[in-house]
Amino acid sequence: MNHDRLNRRDFLKGFGASVAATTLASCAVSANRAPQGLPQMAAEVEPIIDPQTLEKPNLTIGYVPVNDCAPFAIAWEKGFFRKYGLNVKLSREASWATSRDGVIFGRLDASPVVSGAVTNARIGAEGARHAPMCAAMTIHRHGNAMTMNRAMWESGIRPWHEYKGDLEAFGRDFRRYFEGLPSDQRIWAVVLSSAIYEYFIRYVSAAAGVDPLSEFRVIIVPPPQMVTNMRIGAMQAYMVAEPWNTRAIRGNEGIGFTFAQGKEVWRGHPDRLLAVMEPFINENPKTYRSLVKAMIEACQYCSKPENRAEVAKIITGRSFTGARPKTCKTPPLITPDNLPSLPECATKFTGPGIIGEYNYGGFDSKDRTIAAADTTIFYDFPTDLPTPANAHSTFLWRSQSLWLMTQAARWGQIREIPANADELTKKAWRSDLYREIAAEMGINCPSEDYKVEPATVFIDQKGFDPSDPVGYLKSFEIRADRPKPFYLS
């Protein structure tokens, strides 16, 4: 097996050129597909905050066409933005990079970002722009998965839950498959460099005894382009938010299967954060409070079981994910009037991740559908997930930002965990602000910013104690800075 260290920067640069035309086309389409004109239902909502009392009532907010745009779609459609005095223009972003950079460079006032982007903007990790980015809330937890191609299935790899926790057995299957490939075909795709999806695929590989720093490469592909790129053989596996894993199984038969949901790597992990720049908070404190309140209410709405089928239908609209089967007869424009009459097939792609009837797929005609309330967590945690008192999904624990720093250091994106890691985390993950805003809404929050992640929530049964992030990092045998053996002749 070739163990030569692959040049990450050169590969990303080269691959970027190969997908540039597709990405640019995506940008052009996205610019015209964001919802236009306030829906009638939203327009009829009576504001409880006078827009004239806000520093900046007119906001441009980004979103990406994946399932986690749901709270933004609901805040728009149901009038939560208007309720809190905001006049919002939604901007459909082509990728997670444009969503992040739109906030950094001021094109967007706020936007969701992949978990890790806010932390890494503060520490200047490789692939992340160094900027004073902040977040006071999550948009959702879970809702993502790893998809592998048919060749990986035929080599003997199966969904993770069928290994029943046996990492060694998975490692044997995983290694056998990659040993049969030339080095230039050992490729995983993720949606953003230096973020939680990249950390997850490296974490799983290393836990199974396969060194991701030498055994395969990681490339960046926007979510809507994942299935197409797998179909043409650009990568063997990818990790992305729904519905782009389900799309490889339903409606694109023969493309891939779900190896694992992200919740099987780290149950309870934050997926998307609502990002803004620090000056935005300082200059527009009232506006920011209105924005967070609107998004909290939207997340609460998405969380209710009785609303999830409706939410799954709303985000199939062309303005949001556009993920509706071509064979399913639906109106070109989804409105409150025709929403109840949409056929069940309309949510073929968006439903599994939102409603929780999740199909892992496969190529043996076996039904691998699993019903689970935590497939995507918008606000209410499932009762069997260990959490502190008053916990809810939109609350940010700063300890989880520290975990992200350990992974940035583990994979060589920063030289070491910063000596002032706690200070940087405090500036980036504003749980202090969230508590103040939530209190104004009558919402109780956890009293601590840091919590231990028990071993039971990680795929390798290895817990995380935020009081010793350096010790945690050094406990991993496979990492970028591990001592290299040498021999004297």
Side-chain angles (χ1 to χ4, degrees), residues 1 3 5-6 8 115-116 141-142 144-148 152-153 155-179 186-190 194-218 236-240 245 257-271 360 386 399-400 402-413 417 452-466 468-483:
M1 202 172 213
H3 291 276
R5 183 73 177 270
L6 297 165
R8 170 188 171 91
S115 185
R141 297 171 189 269
H142 302 172
N144 52 66
M146 299 178 185
T147 291
M148 293 182 172
M152 297 184 80
W153 172 276
S155 76
I157 298 176
R158 292 295 180 267
W160 167 245
H161 64 263
E162 296 186 18
Y163 286 94
K164 301 187 184 305
D166 191 340
L167 279 166
E168 185 177 346
F170 164 63
R172 287 194 299 268
D173 291 344
F174 188 66
R175 189 179 299 106
R176 182 178 62 249
Y177 173 75
F178 274 96
E179 282 179 345
R186 299 175 193 162
I187 302 169
W188 274 78
V190 295
S194 301
I196 198 166
Y197 291 4
E198 179 182 355
Y199 299 157
F200 273 6
I201 63 171
R202 294 186 184 278
Y203 193 99
V204 168
S205 174
V210 177
D211 189 344
L213 294 169
S214 59
E215 302 298 349
F216 57 81
R217 292 173 286 183
V218 178
Q236 283 65 53
Y238 62 75
M239 186 168 190
V240 70
N245 299 286
F257 69 100
T258 293
F259 166 67
Q261 294 185 60
K263 69 174 187 175
E264 296 171 80
V265 183
W266 174 15
R267 192 164 183 233
H269 71 270
D271 190 292
Y360 285 74
S399 51
Q400 296 181 338
L402 286 179
W403 186 89
L404 292 163
M405 288 189 197
T406 69
Q407 299 308 295
R410 184 181 182 186
W411 306 120
Q413 294 165 359
I417 298 172
V452 172
E453 301 290 336
T456 53
V457 302
F458 287 101
I459 194 170
D460 57 354
Q461 300 292 296
K462 190 180 182 71
F464 172 60
D465 186 341
D468 185 19
V470 174
Y472 174 78
L473 171 62
K474 298 300 182 183
S475 71
F476 291 102
E477 180 183 351
I478 298 178
R479 62 182 195 273
D481 70 342
R482 66 177 170 177

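Positions are given from 1 along the sequence. Keep in mind that this is a model prediction, so the values were computed, not measured.
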Open item on the list: Run the side-chain contact (heavy atoms from CB on, under 4.5 Å) test on D460 and Y203 for me, step by step, so that the C-alpha distance in whole Å, both residues' side-chain angles and the decisive distance to 0.1 Å come before the verdict.
Closed with: CA-CA 9 Å; D460 57 354; Y203 193 99; 2.8 Å; yes
Task: Basic-acidic side-chain contact under 4.0 Å: R479, D481 - done: yes
Task: Closest non-hydrogen atom pair between R176 and S155, with its separation - done: NH2-O, 2.9 Å
- [ ] Kindly give the heavy-atom pair with the smallest separation between A206 and I478, and that separation in Å.
- [x] O-CD1, 3.8 Å
Task: Presence of salt bridge, R175 and E179, under 4.0 angstrom - done: no
Task: Side chains of M146 and W188 in contact at under 4.5 Å (non-hydrogen atoms) - done: yes
TODO: Please examine the side chains of Y238 and I187, heavy atoms only from C-beta on, and report whether any two atoms are closer than 4.5 Å.
DONE: no
- [ ] Over all heavy atoms of both residues, which pair between P386 and V457 is shortest? Give the atoms and the distance, please.
- [x] CG-CG1, 4.2 Å
Open item on the list: Could you report the tightest heavy-atom contact between D173 and G156, atom names first, then the distance?
Closed with: OD2-O, 3.5 Å
Open item on the list: Working to the nearest 0.5 angstrom, can you tell me the gap between E168 CD and Y163 OH?
Closed with: 12.5 Å
Task: Donor-acceptor contact below 3.5 Å, side chain S205 vs main chain V210 - done: yes
TODO: Assess whether side-chain contact (heavy atoms from CB on, under 4.5 Å) is satisfied between F178 and M152, documenting all intermediate values.
DONE: CA-CA 9 Å; F178 274 96; M152 297 184 80; 4.0 Å; yes
- [ ] State which residues pass side-chain hydrogen bond (donor to acceptor under 3.5 Å, both in side chains) with T406; sequence neighbours excluded, sorted by chain then number.
- [x] none
- [ ] Return yes if a side-chain donor-acceptor contact under 3.5 Å exists between Y472 and W403, otherwise no.
- [x] yes
Open item on the list: Using side-chain heavy atoms (C-beta onward) and a distance below 4.5 Å, is I459 in contact with F200?
Closed with: no
Open item on the list: Would you say that Y199 contacts V265 through its side chain, given a criterion of any heavy-atom pair below 4.5 Å between the two side chains?
Closed with: no
TODO: Mark yes or no for whether S115, through its side chain, and I196, through its backbone, hold a donor-acceptor pair below 3.5 Å.
DONE: no
Open item on the list: Is the distance between the ring centroids of F174 and F170 under 6.0 Å?
Closed with: yes
Task: E264 and W160, any side-chain heavy atoms less than 4.5 Å apart - done: yes
Open item on the list: Quick one, L213 and R202 - any side-chain contact, counting heavy atoms below 4.5 Å?
Closed with: yes
- [ ] Working to the nearest 0.5 Å, report the span between CZ of R267 and NE2 of H142.
- [x] 6.5 Å
TODO: Return the minimal non-hydrogen interatomic distance between A169 and D166, and the atom names on each side.
DONE: N-OD1, 3.0 Å
TODO: Please round to the nearest 0.5 Å and tell me the distance separating atom CG of D468 and atom CG of L402.
DONE: 11.0 Å
- [ ] Determine the sole option in Q261, K263, H269 for which the side chain to side chain donor-acceptor pair (under 3.5 Å) test with N144 is passed.
- [x] H269
Task: Side-chain donor-acceptor pair present, Q407, E198, cut-off under 3.5 Å - done: no
Task: Nearest heavy-atom neighbours spanning I201 and M239 - done: CG2-CB, 4.1 Å
Task: pair V218-P212: side-chain heavy atoms closer than 4.5 Å - done: no
Open item on the list: For W153, does the six-membered ring have the charged nitrogen or CZ of R158 within the cation-pi criterion, i.e. under 6.0 angstrom from the centroid and within 45° of the normal?
Closed with: yes
Open item on the list: I want to check something: taking the side chain as every heavy atom from C-beta on, are T147 and V240 in contact at a cut-off of under 4.5 Å?
Closed with: no
Open item on the list: Any donor-acceptor pair under 3.5 Å linking the side-chain atoms of Y360 with those of N245?
Closed with: no
